[in-house]
Amino acid sequence: MKSYNIAVLPGDGIGVEVTQAAMQVLHALSPRIGRDLSLTVYPAGAGHYRNCGVALPDPTMRACEAADAILFGAMGLPDVRGKDGTEIIPQLDLRFAFDLYAGVRPIRSWPGLPTPLRDARAQHIDLVLVRESTEGLFYARGRGVVQQEGDQTIAYDTMKITHKGTARVCDFAFRLAEQRKHAGRPGRVTNVDKANVFTSMAFWRDVFLERAKAFPSIQIDHAYVDAMALNLVMKPWQFDVLVTENMFGDILSDLIAALVGGMGMAPSGDIGDKHALFQPAHGTAPDIAGQGLANPSAMFLSAAMMLDWLAERHGDSAMADGARAIELAVQRTFEQGAALPRDFGGSSGTADVTRAVMERL
Ligand code: ATP
């Protein structure tokens with residue numbers, strides 16, 4: 001039987017709970033698609049840092065490097081800080097270490113789940129935000145300076161935009177729009193920048209336009225990030241694929257999650273040319289951790305994204321079938337009213353949602 005090695009990093013807080021739920025789903029799916037999904041759990045995270053002084057142990061890093069894909073829960077705890085006072089965020093280190101340059105955040109509306117938008121067209125939200133994840137303003141992480149200039153104390157963080165970094169993430173967005181076009185979507189990429197103010201962003205736009213020429217079947221348009229924040233609330237059903245700089249993508253990805261009811265339904269993939277990591281867009285949710293209340297759907301959908309990525313990479317359509325099976329099981333769970341998670345005002349906890357999804361696999 002064809003086999004895939006998945007490095008599983010549950011992490012902290014509800015990361016552990018939703019990862020356990022996703023492992024149950026993947027174990028149940030494996031014989032049905034005739035694929036051995038070998039799931040091996042490795043330690044990492046803020047809890048591990050507190051106990052052992054290291055957030056991402058070397059053996060965990062090596063296992064991630066050797067694995068076919070990485071499935072990641074969530075990491076970080078409010079009371080655990082590094083020596084410089086910053087949060088323990090190993091997911092950022094993994095992004096840089098494995099050059100996971102495309103942060104892929106798909107969202108869609110789910111029949112049966114309420115959205116905060118009143119317009120009936122909100123039932124047709126189906127878009128993907130592609131966030132550049134290795135440079136932009138996040139390049140400044142660990143490099144910022146606070147210095148004295150005359151009688152002023154001034155802090156600087158630098159935004160870095162390279163031609164290579166921008167071209168590869170734009171290409172990724174164009175290829176994604178091509179694939180979605182084959183599946184009946186409009187085939188459009190909207191570039192989100194701030195080219196009217198910043199030299200770095202005008203450069204970003206030039207690279208986007210240069211790369212667009214290689215994808216003549218894809219429509220393009222542009223939006224400034226501030227206008228995009230407005231449009232994503234006013235008419236999100238109009239968008240297909242969005243591509244943007246790291247910090248803008250960080251902010252907009254939480255905004256788009258809210259459009260479909262919150263973080264519990266927002267999966268994500270951090271994808272590079274050789275490696276990829278899949279995780280729910282939410283954090284460790286310390287306010288509900290340990291109580292079995294977390295909605296595991298974002299994690300299930302992240303696992304489905306992982307199967308899709310492996311399917312494409314290995315030309316293995318059974319893995320794509322597995323991805324569709326998970327998505328459909330999640331869809332039917334809510335469509336049929338079999339569960340309503342607590343983040344949507346219901347009373348279904350992690351185990352209830354997991355049971356309902358597994359019954360529909
Ligand atoms: P981070 O900084 O890592 O993104 P955060 O604390 O800002 O973390 P989350 O951990 O995502 O953000 O939590 C934000 C809010 O959303 C919290 O109130 C949390 O309880 C809720 N939340 C997040 N994920 C889920 C989930 N899967 N199910 C239910 N509620 C969730």
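We count ligands from 1, going down the list as the structure has it; atoms in each ligand are counted the same way.
Rounding to the nearest 0.5 Å gives a distance of 7.5 Å between OG of S302 and CD of Q279.
Of all the heavy atoms of D287, the ones lying under 4.0 Å from any atom of ligand 1 belong exclusively to the side chain. The side chain of I14, and not its backbone, has at least one atom closer than 4.0 Å to an atom of ligand 1 (non-hydrogen atoms only; side chain from C-beta on).
Distance check for atom 26 (C) of ligand 1: a protein heavy atom is found below 4.0 Å. The presence of a protein heavy atom under 4.0 Å from atom 29 (C) of ligand 1 is confirmed. The protein reaches atom 9 (P) of ligand 1 closely, with a heavy atom under 4.0 angstrom from it.
Closest to atom 5 (P) of ligand 1, if we only count protein heavy atoms, is G283 CA, 4.9 Å. Annotation: atom 21 (C) of ligand 1 to nearest protein heavy atom, A285 CB, 4.5 Å.
Polar contact with ligand 1: absent for E87 (N/O pair, distance under 3.5 Å). Between V18 and ligand 1, no N or O atom pair is found at a separation short of 3.5 Å.
Using a 4.0 Å cut-off to heavy atoms of D343, the atoms of ligand 1 that qualify are 28 (N), 29 (C). In the vicinity of A294, heavy-atom distances shorter than 4.0 Å reach the ligand 1 atoms 28 (N).
A heavy-atom distance below 4.5 Å is not found between the side chains of D321 and R32.
Judged by the 6.0 Å distance and 45° axis criteria, R211 is not positioned over the aromatic ring of F215.
In this structure, E17 contributes its side chain and G292 its backbone to a donor-acceptor pair below 3.5 Å. A donor-acceptor pair is defined here as one N or O able to donate and one able to accept, closer than 3.5 Å; such a pair exists between the side chain of Q291 and the backbone of D287.
Using a cut-off of 4.0 Å between Lys/Arg side-chain N and Asp/Glu carboxylate O, R50 and D79 are scored as salt-bridged.
Linking ILVMFWY side-chain heavy atoms closer than 4.5 Å, directly or via other members, places L259 and F334 in a single hydrophobic cluster.
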